[in-house]
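In this text, all values refer to a predicted model and were calculated from it rather than measured experimentally.
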Amino acid sequence: MDHFMSRRSTLAAALAAGVAGVAATGLPAAASTADSGRAREHRDPAAADPASAWELPTDRAAQEGDPEADEVIEELVRTDRMAVANQAFHDWTRNDQPVPDAAPPVLYDFLRRNAVLSAEERAAVDRLAHGDSIKLLQGNMEAITVTEAFGGLFAALADPLLAKSVWYAKYDLVMDIGRRFSRTMNTMWDSFGHNSWNPSGNALVTLVKLRLVHAAARHMGLAHGWNTARDGMPISQRLEVEELMYVGAYNLQLAAKYDFRPTRQQIDELLALVRVGGRLLGIQDAYNPRTLDQANQVLADAAANHRAPSDEGTKLAHNMLDWMDRKIFPGAGAVGASMVRMMDAHVADVLDIKPNPALDTPVATLAPYLYRPAYEVQQTFPLLAPIHAQMFKVASQMVAWYAVDFRDYDLQMPTR
């Protein structure tokens with residue numbers, strides 16, 4: 001523990017330097033949210049100056065959950081209606097689909113009020129759909145998937161409270177950690193797909209469901225001995241923001257290490273969409289980052305102050321690597337471990353993922369080419385085109401590992 005504490009004492013400064021390099025382009029702020037998605041309207045206090053009202057989610061945010069969603073779960077548990085609610089989840093899969101009439105009234109009301117976008121949010125979604133970012137995402141979805149799978153998801157486990165929140169959920173997420181990872185990946189695909197926010201898509205539905213899944217997992221943790229005096233709230237506002245940033249800004253940082261730098265417009269469009277996702281997940285407006293600088297502050301704070309070894313994080317990380325050995329082929333977990341180390345060596349150290357030079361070196365040499373758009377590699381290095389195509393084929397197979405066996409729109413809530 002002392003080893004990591006000593007490293008953390010200097011990590012914030014190092015990250016700040018990296019953040020400055022990523023943010024040096026002076027990116028404009030993401031679009032602000034004008035309302036909470038409920039029937040009533042309210043003014044966004046940050047509309048005039050988006051940076052002024054934002055607050056880094058720290059100690060106070062660590063004590064806060066999501067009262068509106070938590071109330072729904074408490075009512076479903078109290079009235080023994082969780083199984084009925086799960087069936088409504090199963091039947092409700094499209095953005096333009098009405099909430100099933102069979103949903104318990106408290107759930108019906110919550111979903112109907114929260115699965116809507118404000119005019120500003122709809123504009124942000126439309127900018128993504130018709131701008132440059134969607135081309136970047138769709139042309140590199142395999143690479144983005146691999147980055148998230150071995151970057152953001154493992155970095156989350158390096159935060160003891162995020163790892164403990166997963167562990168305390170106590171349903172299908174501990175030993176079968178592949179299922180938890182697949183759900184996260186599915187949520188990312190549902191948010192960044194070409195038609196995800198259209199009426200026929202499912203981004204809105206998936207994110208609002210996930211908000212309630214988090215509330216249900218929070219209920220499970222509190223019911224099974226979670227120590228709020230010591231650890232704050234399970235899946236707190238701080239943890240929600242941190243995890244959201246691992247899906248967005250953290251992957252931009254990782255990509256920048258390998259000279260993959262989206263344009264100012266692309267990053268602005270992506271950040272605006274991530275902010276919409278944060279609101280739908282129940283993140284309070286005051287904590288939901290509006291700019292790349294704010295997003296990077298969250299990541300720097302997490303790495304410097306909330307990253308440390310834990311039994312839960314280590315077990316979950318190694319359960320995932322063992323799952324790869326069982327599910328893919330013997331040795332796949334070792335490749336995955338090298339991918340984690342390539343993404344962030346400090347995360348690998350915290351999770352007790354040992355160095356393996358025989359694999360680490362070739363993985364670190366070849367894998368960064370996944371960040372390059374296919375046409376760019378083929379134009380610049382025509383002799384590498386076949387190798388690059390093969391790498392994307394492998395990455396696509398990684399996507400298939402999740403999609404074939406674990407694809408579910410249900411996002412079922414725990415019932416025990």
Side-chain angles (χ1 to χ4, degrees), residues 23 27-73 109-128 187 191 197 203-215 218 232-250 267-302:
L27 299 174
S32 60
T33 303
D35 65 48
S36 67
R38 302 182 186 184
R40 66 180 184 275
E41 295 183 353
H42 70 274
R43 293 181 57 83
D44 184 352
D49 184 359
S52 62
W54 182 74
E55 178 181 341
L56 180 68
T58 54
D59 292 344
R60 185 175 69 176
Q63 302 292 327
E64 298 174 327
D66 181 354
E68 185 183 5
D70 292 342
E71 265 185 41
V72 174
I73 297 302
D109 182 58
F110 176 90
L111 297 177
R112 183 182 56 80
R113 287 186 292 105
N114 285 283
V116 294
L117 296 177
S118 70
E120 288 80 2
E121 289 173 333
R122 173 53 62 186
V125 168
D126 289 344
R127 279 198 302 274
L128 181 82
T187 302
S191 301
W197 297 87
L204 204 56
V205 166
T206 293
L207 290 168
V208 173
K209 284 181 178 180
L210 185 57
R211 180 181 176 184
L212 285 174
V213 171
H214 285 171
R218 192 158 42 242
M233 186 70 68
I235 318 182
S236 65
Q237 286 287 307
R238 181 184 77 75
L239 296 177
E240 291 263 21
V241 176
E242 181 182 335
E243 193 157 24
L244 181 66
M245 293 304 100
Y246 284 135
V247 179
Y250 184 67
I267 294 180
D268 190 39
E269 290 170 356
L270 289 171
L271 286 174
L273 182 67
V274 170
R275 178 167 163 76
V276 172
R279 199 277 298 171
L280 291 169
L281 289 172
I283 293 174
Q284 294 179 27
D285 187 71
Y287 301 134
N288 198 0
R290 296 162 171 79
T291 67
L292 182 63
D293 178 66
Q294 292 171 354
N296 286 330
Q297 286 184 54
V298 172
L299 294 172
D301 178 67

So do [Y] and [X] actually touch side chain to side chain, heavy atoms under 4.5 Å?
{"X": "R211", "Y": "N114", "value": "yes"}
{"X": "W197", "Y": "L273", "value": "yes"}
{"X": "L56", "Y": "V298", "value": "yes"}
{"X": "L271", "Y": "L292", "value": "yes"}
{"X": "L212", "Y": "L111", "value": "yes"}
{"X": "Y246", "Y": "L299", "value": "yes"}
{"X": "L210", "Y": "V213", "value": "yes"}

**Report entry** Interatomic distance, Y250 atom OH to N296 atom CG [nearest 0.5 angstrom]
**Finding:**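 It comes to 12.0 Å.
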Query raised in the report: For the atom pair CG (D59) and OG (S236), what is the distance rounded to the nearest 0.5 Å?
Result: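 So the CG of D59 and the OG of S236 are separated by 10.5 Å.
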Under 4.0 Å between a side-chain nitrogen and a carboxylate oxygen: does that hold for [X] and [Y]?
{"X": "E121", "Y": "R275", "result": "no"}
{"X": "E68", "Y": "R113", "result": "yes"}
{"X": "D285", "Y": "R279", "result": "no"}

Query raised in the report: Among all residues two or more places apart in sequence or in another chain, which pass the side chain to side chain donor-acceptor pair (under 3.5 Å) test with R238?
Result: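 R238 satisfies side chain to side chain donor-acceptor pair (under 3.5 Å) with D159, E242 once adjacent residues are dropped.
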Requested in this report: Inspect the surroundings of CD in E55 and state if more than 12 heavy atoms from other residues, nucleotides or ligands are less than 6.0 Å away.
Outcome: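 Check passes, neighbour count above 12.
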Contact summary for [X] and [Y], nearest pair of heavy atoms:
{"X": "M245", "Y": "A295", "answer": "SD-CB, 3.4 Å"}
{"X": "L207", "Y": "G277", "answer": "CD1-CA, 4.0 Å"}
{"X": "L244", "Y": "G278", "answer": "CD2-CA, 3.5 Å"}
{"X": "V125", "Y": "L117", "answer": "CG2-CD1, 4.1 Å"}
{"X": "I235", "Y": "R218", "answer": "O-NH1, 2.8 Å"}
{"X": "A115", "Y": "L204", "answer": "O-CD2, 3.3 Å"}

Report task. Please determine, by modelled atom types, if D293 and Q297 share a side-chain donor-acceptor pair under 3.5 angstrom. Result ->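 D293 vs Q297: donor-acceptor pair found between side chains.
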**Report entry** Residue that, paired with Y287, satisfies side-chain hydrogen bond (donor to acceptor under 3.5 Å, both in side chains) out of E240, E64, Q294
**Finding:**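 When E240, E64, Q294 are each tested with Y287, the side-chain hydrogen bond (donor to acceptor under 3.5 Å, both in side chains) holds only for E64.
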Query raised in the report: Hey, does the side chain of R127 reach the backbone of E269 with a donor-acceptor pair shorter than 3.5 angstrom?
Result: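 No.
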Query raised in the report: So, the side chain of Q237 versus the backbone of P57: is there a donor-acceptor pair under 3.5 Å, distance only?
Result: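 No: the side chain of Q237 does not pair with the backbone of P57.
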